[in-house]
S.K.: 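Please read through the structure below; I'll follow up with questions.
Here is how names work: the chains are called A, B, and so on, in the same order as the sequence lines, proteins then strands, and each is numbered from 1. Side chains included, hydrogens not; waters and symmetry mates left out as well; all remaining heavy atoms used. Predicted model, so just to flag it, every value in this text is computed and none were measured.
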There are 2 protein chains.
Amino acid sequence: MVTMEDVARLAGVSKMTVSNVVNNRGGVGDLVRQRVLEAIRESGYRVNVSARTLKSGRTGVIGLAVPEIDLPYFSHLADLVIDAAARRGYHVAIERTGAAETGEADALAHSRLLQFDGLILSAVALDGLDERLTEAGYPIVMLGERDFGGRFDHVSMPNEAGIKAATGHLADQGCRRIGIVSGPAREGVNVVTRRYRAYLDALTERGLAADPPLLFPLDRMTMEAGRAAAHRMVDSGHEVDGLVAVTDTIAIGVLRGLADRGLRVPDDVRLIGFDDVPEARFLVPSLSTVAPDHRWMAEKAVELVVQRVHAPSRPTGEYVAPFDLMIRESTR
Amino acid sequence: MVTMEDVARLAGVSKMTVSNVVNNRGGVGDLVRQRVLEAIRESGYRVNVSARTLKSGRTGVIGLAVPEIDLPYFSHLADLVIDAAARRGYHVAIERTGAAETGEADALAHSRLLQFDGLILSAVALDGLDERLTEAGYPIVMLGERDFGGRFDHVSMPNEAGIKAATGHLADQGCRRIGIVSGPAREGVNVVTRRYRAYLDALTERGLAADPPLLFPLDRMTMEAGRAAAHRMVDSGHEVDGLVAVTDTIAIGVLRGLADRGLRVPDDVRLIGFDDVPEARFLVPSLSTVAPDHRWMAEKAVELVVQRVHAPSRPTGEYVAPFDLMIRESTR
DNA sequence: TTGAAAGCGCTAACAG
DNA sequence: CTGTTAGCGCTTTCAA
């Protein structure tokens with residue numbers, strides 16, 4: 001391994017001068033700088049990030065903790081966060097929190113997360129984690145639909161406005177019996193409850209509320225579950241002419257499930273989703289959906305962590321992403 | 001910040017004993033261990049990974065470099081690699097290599113990649129990177145369809161066998177004019193050329209080869225490009241009754257493009273893809289496809305890097321993933 | 001503009 | 001079973 005010491009010797013300068021060159025710190029004569037750069041090239045020197053971090057206390061890395069990277073929403077988000085961070089000179093480390101803990105000693109369990117200068121934490125990943133992180137006074141930005149009671153900077157989706165717009169759009173298209181295909185959570189504040197409530201509100205505003213509500217529940221937020229829910233809906237004989245799916249992933253399953261039962265979209269049932277995943281435009285029929293501005297969210301989240309790295313005690317804020325309603329074949 | 005020193009003082013032992021407890025190193029009395037764990041809890045101590053790494057020379061981290069995490073194939077792979085690595089006591093750092101370099105000094109450009117104990121490198125990401133990495137004698141496993149001339153451990157997809165099986169399956173279904181929708185690369189060894197060649201070979205074997213071949217080219221490997229290619233195919237009046245799409249992503253676009261022109265799948269044209277992305281089963285019609293064993297690939301890649309970490313000079317090997325042919329509605 | 005000294009928090013090696 | 005010693009490679013601080 002080539003160290004700074006080696007480079008210094010090779011260039012006939014001190015370690016410190018090499019460090020200054022490597023970090024573009026100025027105050028180094030042009031001639032000396034050239035000699036040092038040459039020595040770096042020759043020796044194949046590379047900084048040891050651990051040593052730098054140990055000494056400086058800064059990693060230059062923002063952690064992004066998501067429950068699964070496998071999910072289109074999270075991988076897309078990761079991509080955007082990486083861009084936003086790079087623009088501010090930060091690197092992003094993606095951490096998957098979904099899996100069970102390894103056999104590490106308790107004290108070490110989340111130490112990796114705390115290695116970073118700041119953390120963008122997707123809310124689903126939060127359970128059993130928050131106390132340790134909160135107490136640390138560590139720069140954290142929360143992402144997701146839960147309620148954090150103002151304890152953190154928080155960036156969320158346009159849940160209420162988006163679902164209201166979607167439901168309203170179905171009504172505008174002439175739907176009178178509008179159902180919702182929604183996930184497992186029954187209580188608390190989260191994606192499912194927030195969007196379900198917004199759906200009910202939208203129906204009430206339009207005088208379309210059904211009793212009992214046309215809720216087609218899911219046990220998981222997957223395509224498979226969406227398909228099964230569509231089957232159950234059709235088989236139970238409910239006469240629904242419009243459907244709101246809480247996410248596009250579920251909508252894809254619902255689309256398939258309706259096809260399985262011979263129902264046509266939009267002719268028999270209109271369907272709208274939430275997220276605007278890349279496939280949405282390419283499905284047959286193409287999927288109408290609420291398109292939150294993911295780039296805006298990534299940008300905001302990074303901006304907030306970086307700010308907080310420099311001003312740890314700044315008051316926290318709540319931020320909701322803007323959205324577009326993408327009207328496509330599935331509701332026309 | 002709480003250090004080991006602090007914990008040691010609190011527990012009335014030496015730093016070393018704390019270190020032993022933290023690393024489950026045994027040779028510590030039960031009583032002392034309890035005292036130390038208690039002190040750790042009380043003080044909220046967390047290991048400083050940088051210090052540990054600096055001293056030990058090991059990070060316990062495997063890097064996974066992919067061009068984009070946004071692409072379903074890569075995010076799925078990442079997920080599987082994380083699992084495989086965890087089973088061996090390693091952590092995975094995902095690095096996106098797609099974007100242009102930042103303004104870092106030359107010597108630093110890829111230093112982050114070399115911080116890890118080993119690296120799984122997706123081939124697309126390789127350009128301009130390989131020399132530096134090769135010369136380092138650093139544990140690397142290549143992933144992807146390019147030709148590395150045996151310089152690295154290499155895990156690849158079943159390109160030839162998979163595409164041959166897919167093309168053969170179309171022929172078995174009665175297709176006689178089988179086309180291929182394929183990507184931009186015209187030369188070299190890569191996904192596109194390998195799969196195109198396998199398609200031609202399969203046709204020749206069956207006596208179905210057309211001249212000129214029914215190649216519908218793409219400028220990019222996206223859904224959008226697949227859709228456009230389908231449009232061009234139909235508009236050009238080619239009478240095709242079977243289509244191989246080099247990837248499922250492209251197949252999704254093709255499916256849509258055919259629908260745009262009023263062609264039905266499989267009645268008018270049969271279509272088969274490659275990858276078995278999660279959506280494949282849920283499309284309407286559901287998509288037949290070559291399903292490489294991604295889990296096998298992840299497992300193999302991790303196994304190989306880990307081996308190489310411990311035996312850097314072991315001879316390299318070539319490994320091709322097994323696959324299944326998933327026959328669904330699009331070819332029935 | 002350059003350099004010397006000190007030490008970040010941890011662990012390997014050895015001593016007790 | 002526990003403690004001591006000696007750095008890992010870098011940057012901060014201060015002096016030249």
S.K.: Is it the case that C/dG9 (base atoms only) and B/Lys55 (side chain only) share a donor and an acceptor within less than 3.5 Å, ignoring hydrogens and angles?
M.R.: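 By the distance-only test, no, there is no pair.
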
S.K.: Looking at C/dT11, I'd like to know if its phosphate oxygens (OP1 or OP2) sit under 4.0 Å from a side-chain N or O belonging to B/Ser19.
M.R.: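 B/Ser19 to C/dT11 OP1/OP2: side-chain N or O found under 4.0 Å.
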
S.K.: Of the nucleotides D/dT2, D/dG9, D/dG3, which has the atom closest to the B/Val28 side chain?
M.R.: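 So the side chain of B/Val28 is nearest to D/dT2.
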
S.K.: Once you round it to whole Å, what is the distance between P of D/dT2 and CZ of B/Arg35?
M.R.: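 Atom CZ in B/Arg35 sits about 8 Å away from atom P in D/dT2.
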
S.K.: Return no unless some side-chain N or O of B/Ser56 is found under 4.0 Å from OP1 or OP2 of C/dT11.
M.R.: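 For C/dT11, OP1/OP2 do not have a side-chain N/O of B/Ser56 under 4.0 Å.
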
S.K.: Could you check how far OH of B/Tyr45 sits from P of C/dG9, rounded to whole Å?
M.R.: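 Answer to the nearest Å: 10 Å.
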
S.K.: Please state how far atom CD in A/Gln115 lies from atom P in C/dG9, giving the value in whole angstrom units.
M.R.: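 In whole Å, C/dG9 P lies 12 Å from A/Gln115 CD.
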
S.K.: Out of D/dC10, C/dA4, D/dT11, which has the shortest distance to the side chain of A/Ser14?
M.R.: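 Within the option list, the nearest is C/dA4.
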
S.K.: If you pin A/Lys15 and A/Val32 to their nearest nucleotides in DNA chain C, which one's is more 5'?
M.R.: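 On the 5' side of the pair lies A/Val32.
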
S.K.: To the nearest angstrom, how far is B/Glu5 atom CD from D/dT5 atom P?
M.R.: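 Distance, rounded to whole Å: 13 Å.
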
S.K.: List the steps and the verdict of side chain to side chain contact (heavy atoms under 4.5 Å, CB included) for B/Glu95 and A/His91.
M.R.: CA-CA 9 Å; B/Glu95 293 287 322; A/His91 191 90; 2.9 Å; yes

S.K.: Please give, in whole Å, the distance from D/dC10 C1' to A/Arg9 CZ?
M.R.: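 Interatomic distance, CZ of A/Arg9 to C1' of D/dC10: 15 Å.
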
S.K.: Please confirm whether the shortest side-chain N or O distance from B/Arg25 to OP1 or OP2 of C/dA12 is below 4.0 Å.
M.R.: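 Looking at the OP1 and OP2 atoms of C/dA12, one of them is under 4.0 Å from a side-chain N or O of B/Arg25.
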
S.K.: Considering only NZ, NE, NH1 and NH2 on the basic side and carboxylate oxygens on the acidic side, decide whether A/Glu38 and A/Arg35 come within less than 4.0 Å.
M.R.: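 Salt bridge: no.
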
S.K.: In whole angstrom, what separates B/Asn23's CG from C/dT11's C1'?
M.R.: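 Rounding to the nearest Å, CG of B/Asn23 and C1' of C/dT11 are 8 Å apart.
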
S.K.: When B/Val141 is tested against each of B/Val302, B/Leu64, B/Leu304 for side-chain contact (heavy atoms from CB on, under 4.5 Å), which residue passes?
M.R.: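 When side-chain contact (heavy atoms from CB on, under 4.5 Å) is applied between B/Val141 and each of B/Val302, B/Leu64, B/Leu304, only B/Leu304 qualifies.
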
S.K.: In whole Å, I'd like the distance from the CG atom of B/Leu31 to the P atom of D/dC1.
M.R.: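 My rounded result for the distance is 13 Å.
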
S.K.: How many Å lie between CZ on B/Arg52 and P on D/dG9, as a whole number?
M.R.: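 It works out to 18 Å between those atoms.
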
S.K.: In this structure, which one of B/Lys300, B/His154, B/Met297 forms a side-chain contact (heavy atoms from CB on, under 4.5 Å) with B/Tyr319?
M.R.: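 Single pass found, and it is B/Lys300.
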
S.K.: Could you check whether any side-chain N or O of B/Ser19 sits under 3.5 Å from a backbone N or O of B/Lys15, counting only pairs where one atom can act as donor and the other as acceptor?
M.R.: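 Not confirmed, B/Ser19 side chain does not pair with B/Lys15 backbone.
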
S.K.: When you measure from the side-chain N and O atoms of B/Asn20 to the phosphate of D/dC1, is any distance below 4.0 Å, counting only OP1 and OP2?
M.R.: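 Checking B/Asn20 against D/dC1: no side-chain N or O falls below 4.0 Å of OP1 or OP2.
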
S.K.: Select one nucleotide: of D/dT13, C/dG9, D/dG3, the one nearest the side-chain heavy atoms of B/Met16.
M.R.: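 Output: D/dG3.
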
S.K.: Measure from the side-chain heavy atoms of B/Met4 and tell me the nearest of D/dT2, D/dT12, C/dC10.
M.R.: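 Closest nucleotide to the B/Met4 side chain: C/dC10.
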
S.K.: Does A/Thr3 make a side-chain N or O approach to OP1 or OP2 of D/dG9 shorter than 4.0 Å?
M.R.: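 Answer no for this pair, as no side-chain N or O of A/Thr3 is under 4.0 Å from OP1 or OP2.
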
S.K.: Base, sugar-phosphate, or nothing for B/Gly29, non-hydrogen atoms under 4.0 angstrom?
M.R.: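 Sugar-phosphate only.
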
